[in-house]
Amino acid sequence: MTELPAYWKNHIAGDWVDGGAGRIDVLDPASGEKIAEHALADAADVDRAVQAARAVHLSGALSHMRPIERGRMVQAMGRYLLEHKDEIALTLVLEQGKPLWEAVVEVEGAALYFEYYGNQASTIEGRSIPLGAGYYDFTDYEPMGVSAQIIPWNYPVEMTARSLSAALATGNACVIKSPELTPLTNAWFAHAATAAGFPAGTVNVICGYGHEAGAALAGHPDVNQIVFTGSVPTGVAIAKAAAQNVVPCVLELGGKSAAIVHDDADLEAFENDIRWGIYFNAGQVCSAMSRVIVHESRAEELIARAETIATGLSVGPGVERTEFGPNMGAMVSEAQRNRAVAMVARAEEQGARLVTGGRAPNHPGAFLQPTVVADVTPDMDIARNEVFGPVLSVLTFKDEAEAIAIANSTDYGLVGGVFTRDLDRATRAARQIRAGQVFVNEWYAGGVETPFGGVGKSGYGREKGREALWNYVQTKNIAIRLR
Ligand code: NAD
């Protein structure tokens, strides 16, 4: 097995430090074996990290800098990640379970955020507002100050990159609470910030339990803005903490996103959407295509194609899956895997048909065979609740109105999709699907440049794209009386 450093520390005010709450074991989900220990922050560590970030903010070191210079430093962080791509990707595989090639995709995706937001740093401009000859009035954008960023385990590198790059580009100092299950790779953000020349205390990275360090960070009175990516119950707790301190927060929560597949859709091309939409990262993607709502006339053909894709994926340790291809790694933990298995079993009890997969293999590791469940109806638990695993639910519809109604029948609203050759039909669906983003004829179309976020229980606020920049700044209006 690849050897990692045995013990990883938190990064506070430029120092690598132990945690007041001790240590946590980090496990390889492909084997269940311990691969390292990580320091665990307590509330006192959180306070030190917030004070370090606040000191940087109050010093003006970030906000007084010419934005184009700050943007260059943000871009340098992205280059640093690429220079260390191999070690970050391998560590990511060992802590998270995904295939090595997917880990490389994730690190490259993370670097792209720093490139994109580094470029945007100098584009945040105010406007002048005419008030007549006696006044000169203009707006300015100021950084919020201390940005607290609470990260989930499914894409620990990309999720941190997403918020950190935009927050730094706009001149904020940050405290990152890395996920307990996958804390190791976040260390590279601290290294990257140091290498790029950011003052100590600009990027603090701490791992700790959600109920302890996470809650202490979300409720800290000197935090000025919170970005949270994770589950709905935690999002509700974060929103309450933010409200208590009267600070804004962005909530990027879960989803139960649906693709509507019409009778004229190109099902051969759709195989690729199944491959990426539900089996990439073993389905542990907030915007996964976890439901397909297909016209009844094409249902059996689609189910057969989905079965072919699912059974064609080789499932096993991520370190052995180095090249892009038909393969899938472990889920993040046996607990997550067992939860997915139980949800499939419940769907069968409720009348769904298990086409393939759905069972835990009889060997160690958090593996689950790629799963297809057919004859799912909108009232079943599996049609309403996020599995967060490689489980595709197939439902059918008779007419367009029914398809939209089924797509919109969950509490979530993160993304949606429509597959058809008919532009009018696609446009109607795009307007009617209740979601923050709609894909037409390609699941996951878009990129770091396109705004992303949910409606309903999928959260509020947008990350990615220019929209995200406004999370990290506040508008100041300056009115000058001329005499
Ligand atoms: P989670 O809510 O359990 O944990 C997310 C983070 O919150 C972790 O760092 C955790 O330590 C912390 N946390 C837990 N309790 C806390 C508390 N009381 N106060 C403060 N912080 C606390 O979610 P998870 O299981 O890590 O992630 C999976 C979920 O994340 C899924 O629902 C998935 O859909 C969602 N997700 C959403 C997006 C998105 O962009 N919309 C992206 C990735 C994942």
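Just follow the structure's listing: the first ligand is 1, and inside any ligand the first atom is 1. What you see below is based on every heavy atom in this structure, not just the backbone, and it leaves out hydrogens, waters and symmetry mates.
In this structure, the separation between CG on Asp47 and CD1 on Ile12 is 9.5 Å, given to the nearest 0.5 Å. Atoms CE and CD1, from Met159 and Ile176 in turn, are 13.0 Å apart once rounded to the nearest 0.5 Å. If you take OG1 on Thr229 and OH on Tyr155, they are separated by 13.5 Å, rounding to the nearest 0.5 Å.
Annotation: Trp8 is not in aromatic contact with His38 [ring centroid separation under 6.0 Å not met]. Checked against the 6.0 Å centroid criterion, the rings of Phe270 and Trp276 do not qualify as a close aromatic pair. Ring to ring, Trp153 and Phe388 are close: their centroids are under 6.0 angstrom apart.
Taking the charged nitrogens against the carboxylate oxygens, Lys464 and Glu449 have no contact shorter than 4.0 Å, which rules out a salt bridge. Looking at Arg359 and Glu348, a side-chain N of the basic residue comes within less than 4.0 Å of a carboxylate O on the acidic one, giving a salt bridge.
Counting heavy atoms closer than 4.0 Å to ligand 1, residue Tyr155 contributes nothing at all. When non-hydrogen atoms are compared, ligand 1 lies under 4.0 Å from the side chain of Arg162 (C-beta onward) but not from its backbone. Within the 4.0 Å heavy-atom criterion, the part of Ile238 lying near ligand 1 is the side chain and not the backbone. The proximity of Glu463 to ligand 1, defined as any non-hydrogen pair under 4.0 Å, does not occur for either the backbone or the side chain. Proximity of Gln284 to ligand 1, defined as any heavy-atom pair under 4.0 Å, is not found for any part of the residue. Residue contacts with ligand 1, taken as heavy atom pairs separated by less than 4.0 Å, involve Ile150 solely via side-chain atoms from C-beta onward.
Looking only at protein heavy atoms, the nearest one to atom 39 (C) of ligand 1 is Cys286 SG, 3.0 Å. Looking at atom 27 (O) of ligand 1, its nearest protein heavy atom turns out to be Pro152 CB, 3.6 Å. Counting protein heavy atoms only, atom 28 (C) of ligand 1 is closest to Phe388 CE2, 3.7 Å. Nearest non-hydrogen protein atom to atom 18 (N) of ligand 1 is Gly210 O, 3.9 Å. At the shortest separation from atom 44 (C) of ligand 1 among protein heavy atoms lies Asn154 ND2, 3.4 Å. Closest to atom 31 (C) of ligand 1 among all protein heavy atoms lies Glu386 OE1, 3.5 Å. Among all non-hydrogen protein atoms, the one lying nearest atom 21 (N) of ligand 1 is Gly214 CA, 3.5 Å. For atom 15 (N) of ligand 1, the closest heavy atom belonging to the protein is Thr234 CG2, 3.3 Å.
Annotation for ligand 1: atoms under 4.0 Å from non-hydrogen atoms of Lys177 are 8 (C), 9 (O), 10 (C), 11 (O). Counting atoms of ligand 1 from 1 in the listed order, those under 4.0 Å from a heavy atom of Met159 are 42 (C). The contact set between ligand 1 and Ala215, taken as ligand atoms under 4.0 Å from a residue heavy atom, comprises 19 (N), 20 (C). Counting atoms of ligand 1 from 1 in the listed order, those under 4.0 Å from a heavy atom of Gly254 are 32 (O), 34 (O).
Taking any N or O of Glu180, backbone or side chain, at least one lies under 3.5 Å from an N or O belonging to ligand 1. Of the polar atoms of Leu253, at least one N or O is found under 3.5 Å from an N or O of ligand 1, judged by distance alone. On a distance-only criterion, Ile151 and ligand 1 share at least one N/O pair closer than 3.5 Å. Between Tyr209 and ligand 1, no pair of N/O atoms sits closer than 3.5 Å.
The backbone N or O of Pro156 lies less than 3.5 Å from no partner atom in the side chain of Gln96, so there is not a single donor-acceptor pair. Arg291 places a side-chain N or O within donor-acceptor distance of the main-chain N or O of Lys256, the cut-off being under 3.5 Å.
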Would you check, one step at a time, whether the test salt bridge (charged side-chain N to carboxylate O under 4.0 Å, His left out) holds for Glu467 with Arg462?
CA-CA 6 Å; Glu467 280 74 3; Arg462 295 292 177 265; over 6 Å; no
Quick one, Glu95 with Lys98, criterion salt bridge (charged side-chain N to carboxylate O under 4.0 Å, His left out). Give me CA distance, side-chain angles, the key distance, then yes/no.
CA-CA 9 Å; Glu95 67 178 354; Lys98 64 188 69 190; over 6 Å; no
Audit row: Leu168, Val203, side chain to side chain contact (heavy atoms under 4.5 Å, CB included) steps and yes/no:
CA-CA 9 Å; Leu168 291 175; Val203 176; 4.0 Å; yes
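The residue from Phe452, Trp153, Phe228 that puts a heavy atom closest to atom 26 (O) of ligand 1 is Trp153. In this structure, of Ser231, Gly208, Pro233, the residue bringing a heavy atom nearest to atom 2 (O) of ligand 1 is Ser231.
Enclosure of atom NZ in Lys457 is not indicated, since only 12 or fewer non-hydrogen atoms of other residues, nucleotides or ligands lie within 6.0 angstrom.
Residue His11 is tested with Trp188, Phe198, Trp16, Phe189 for a ring-ring contact (aromatic ring centres under 6.0 Å, His included); the sole match is Trp16.
Per-atom contact check: atom 4 (O) of ligand 1 does not touch the protein, criterion being a heavy-atom distance below 4.0 Å.
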